[in-house]
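Data block below; observations after.
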Amino acid sequence: MTPEADSETIPVREAHRFDTARLAELLGDKLGEKLVELRQMRGGQSNPTFLVVTDRGEYVLRKQPPGELLPSAHAVDREFRVIEALSKTDVPVPRAILFCPDREVIGTPFYLMERLRGRIFWEPTLPELPREERAGIYEGMVDALARLHMADWKSIGLEDFGRPGNYFARQLGRWSKQWEQSRTRDNPAIDKLAEWLPKHVPDSEETAICHGDFRLDNMIFAADAPRVIGILDWELSTLGHPLADLAYNCLPYINPPAAFRGMRGLDLPALGIPSQDEYLAMYARRTGRQDSITPFHMAFSLFRIAVILEGVIARGKKGNASSADATSHGERATLLAERGWEIAQGG
């Protein structure tokens, strides 16, 4: 195990351990490689993610979490399908290796993908970089997002990757239902947003491939350039409205630092980071869009992430969450939902 690999991994968490004998057998049969080591990646909040080391190389394994799951959640088959399809485009994704639906191998369906080596930036303020290099990272990020939204989803076989109709109306139905199914405590702002948002849905059926969780730490940048070499964590991807991705990607601009890596109130010019308006202008130049995000899009994004965090809390209480700090997200879910309601009210 190299120092670099070790910094990105931890020993497999107790809740996610599985017998590796069948996995070793599959690697031998399908790839002709011998399993040497299995470690857990530090990320992977929803779907447990592992580093698979063989005698010939390294792969990343993504699987469903153990235990009872919410309907349609943790769809690793969809993750595999979309990165395999996007490999035919200029969208930067890891190479898809194989998908295994057989639960007998490691307990849940899983897939293997290429292990990319590069840089992951966890904080939107990019404290590890000198000021003059930070704007380039934002340009690389928005370029990757624009490439994704301009990809021809029909030509790469993703015509049925999402349902037709208004994306926001569908999503609001899905996440409102998920909130009811995962509720373990009260979050009044989520309830208010669940009532307000359906009354303010934009009348648009524009369609693109939406990542669903497009944020800085879900991509790998080249080691020597501000260029994205791989977009990660495709669990929430679907066919949808591109402004949903753009709004979610801009959440750090409107959230305070206490609400999960927010930048609201910080001196962005001093940090060398583009303003939200500058970032949106970059996206518009790359895509040719004339319109942009509205308070609805931002409130929608905050509603959805708050519901997701409530689901993490619920899984944490059941003991099958992917991250060790799953039960600590209550304050964050409240903060984000309240910020969403504030924006919905014009704040």
Side-chain angles (χ1 to χ4, degrees), residues 1-2 4-84 94-117 120 182 213 217-218 220 230 232-237 308 311-329:
M1 181 68 61
T2 66
E4 177 188 355
D6 191 60
S7 70
E8 298 175 7
T9 66
I10 58 174
V12 178
R13 298 184 182 106
E14 179 67 32
H16 299 146
R17 291 178 184 170
F18 54 82
D19 188 339
T20 60
R22 292 288 301 274
L23 175 62
E25 183 180 334
L26 180 141
L27 292 172
D29 291 344
K30 299 291 186 181
L31 305 179
E33 300 183 23
K34 179 181 177 182
L35 177 64
V36 174
E37 187 176 10
L38 179 80
R39 289 180 62 83
Q40 189 156 8
M41 306 298 285
R42 292 183 182 277
Q45 179 60 257
S46 185
N47 289 331
T49 305
F50 304 84
L51 175 65
V52 176
V53 181
T54 76
D55 58 342
R56 297 186 186 178
E58 297 177 342
Y59 305 98
V60 172
L61 183 153
R62 291 264 292 175
K63 70 183 290 292
Q64 290 180 334
E68 183 180 351
L69 306 177
L70 292 171
S72 79
H74 312 285
V76 292
D77 56 328
R78 288 176 60 83
E79 288 190 33
F80 183 82
R81 181 184 175 191
V82 72
I83 63 172
E84 187 175 46
R95 182 167 55 94
I97 306 298
L98 64 86
F99 175 72
C100 179
D102 186 357
R103 293 179 178 274
E104 297 300 316
V105 177
I106 64 171
T108 73
F110 70 94
Y111 70 92
L112 289 178
M113 62 181 171
E114 171 189 16
R115 195 275 173 92
L116 295 172
R117 288 189 175 275
I120 296 179
S182 63
D213 196 11
D217 56 296
N218 271 340
I220 299 179
L232 308 176
D233 200 351
W234 291 86
E235 184 200 348
L236 297 173
S237 60
I308 290 171
V312 174
I313 294 167
R315 292 197 306 278
K317 290 180 178 179
K318 291 180 180 178
N320 65 337
S322 301
S323 174
D325 63 350
T327 56
S328 69
H329 293 305

Heavy-atom side-chain proximity of L232 to V60 below 4.5 angstrom: no

Spacing of R78 atom CZ and L236 atom CG [to the nearest 0.5 Å]: 10.0 Å

Spacing of CG belonging to L61 relative to CG belonging to N47, to within rounding of 0.5 Å: 10.5 Å

With sequence neighbours excluded, residues passing salt bridge (charged side-chain N to carboxylate O under 4.0 Å, His left out) with D102: R22

Distance, nearest 0.5 Å, that separates CG of L27 from OH of Y59: 8.0 Å

Shortest non-hydrogen contact from P65 toward P48: N-CD, 3.5 Å

Result of checking R81, E79, K63 against Y111 for side chain to side chain donor-acceptor pair (under 3.5 Å): E79

Over all atoms of both residues, closest heavy-atom pair of M41 and L51: SD-CB, 3.6 Å

Residues forming a ring-ring contact (aromatic ring centres under 6.0 Å, His included) with F50, sequence neighbours excluded: F18

Counterpart residues, side-chain hydrogen bond (donor to acceptor under 3.5 Å, both in side chains), relative to N218 (two or more places apart): D213

Atom pair NE2 (H16) and OG1 (T108), whose distance is rounded to the nearest 0.5 Å: 10.0 Å

Partner residues of R17 under the salt bridge (charged side-chain N to carboxylate O under 4.0 Å, His left out) criterion, sequence neighbours left out: E14

Residues that A96 engages under side-chain contact (heavy atoms from CB on, under 4.5 Å), provided they are two or more places apart: F80, I83, E84

E8 side chain near R117 side chain, heavy-atom distance below 4.5 Å: no

Over all atoms of both residues, closest heavy-atom pair of E235 and A75: CG-N, 4.2 Å

Where A314 and S182 come nearest, the two heavy atoms and their spacing: CB-O, 3.4 Å

Selection residues 24-36 - residue pairs positive for salt bridge (Lys or Arg N to Asp or Glu O under 4.0 Å), sequence neighbours left out: none

P11 side chain reached by Q40 side chain, heavy atoms, under 4.5 Å: no

Heavy-atom side-chain proximity of C100 to L26 below 4.5 angstrom: yes

Heavy-atom check, side chain of L35 versus side chain of T20, under 4.5 Å: yes

Test log, rule side chain to side chain contact (heavy atoms under 4.5 Å, CB included), inputs T54 and L31: CA-CA 10 Å; T54 76; L31 305 179; 6.0 Å; no

Heavy-atom side-chain proximity of F110 to V76 below 4.5 angstrom: no

Minimal non-hydrogen separation, P101 against P109, with atom names: O-CG, 3.9 Å

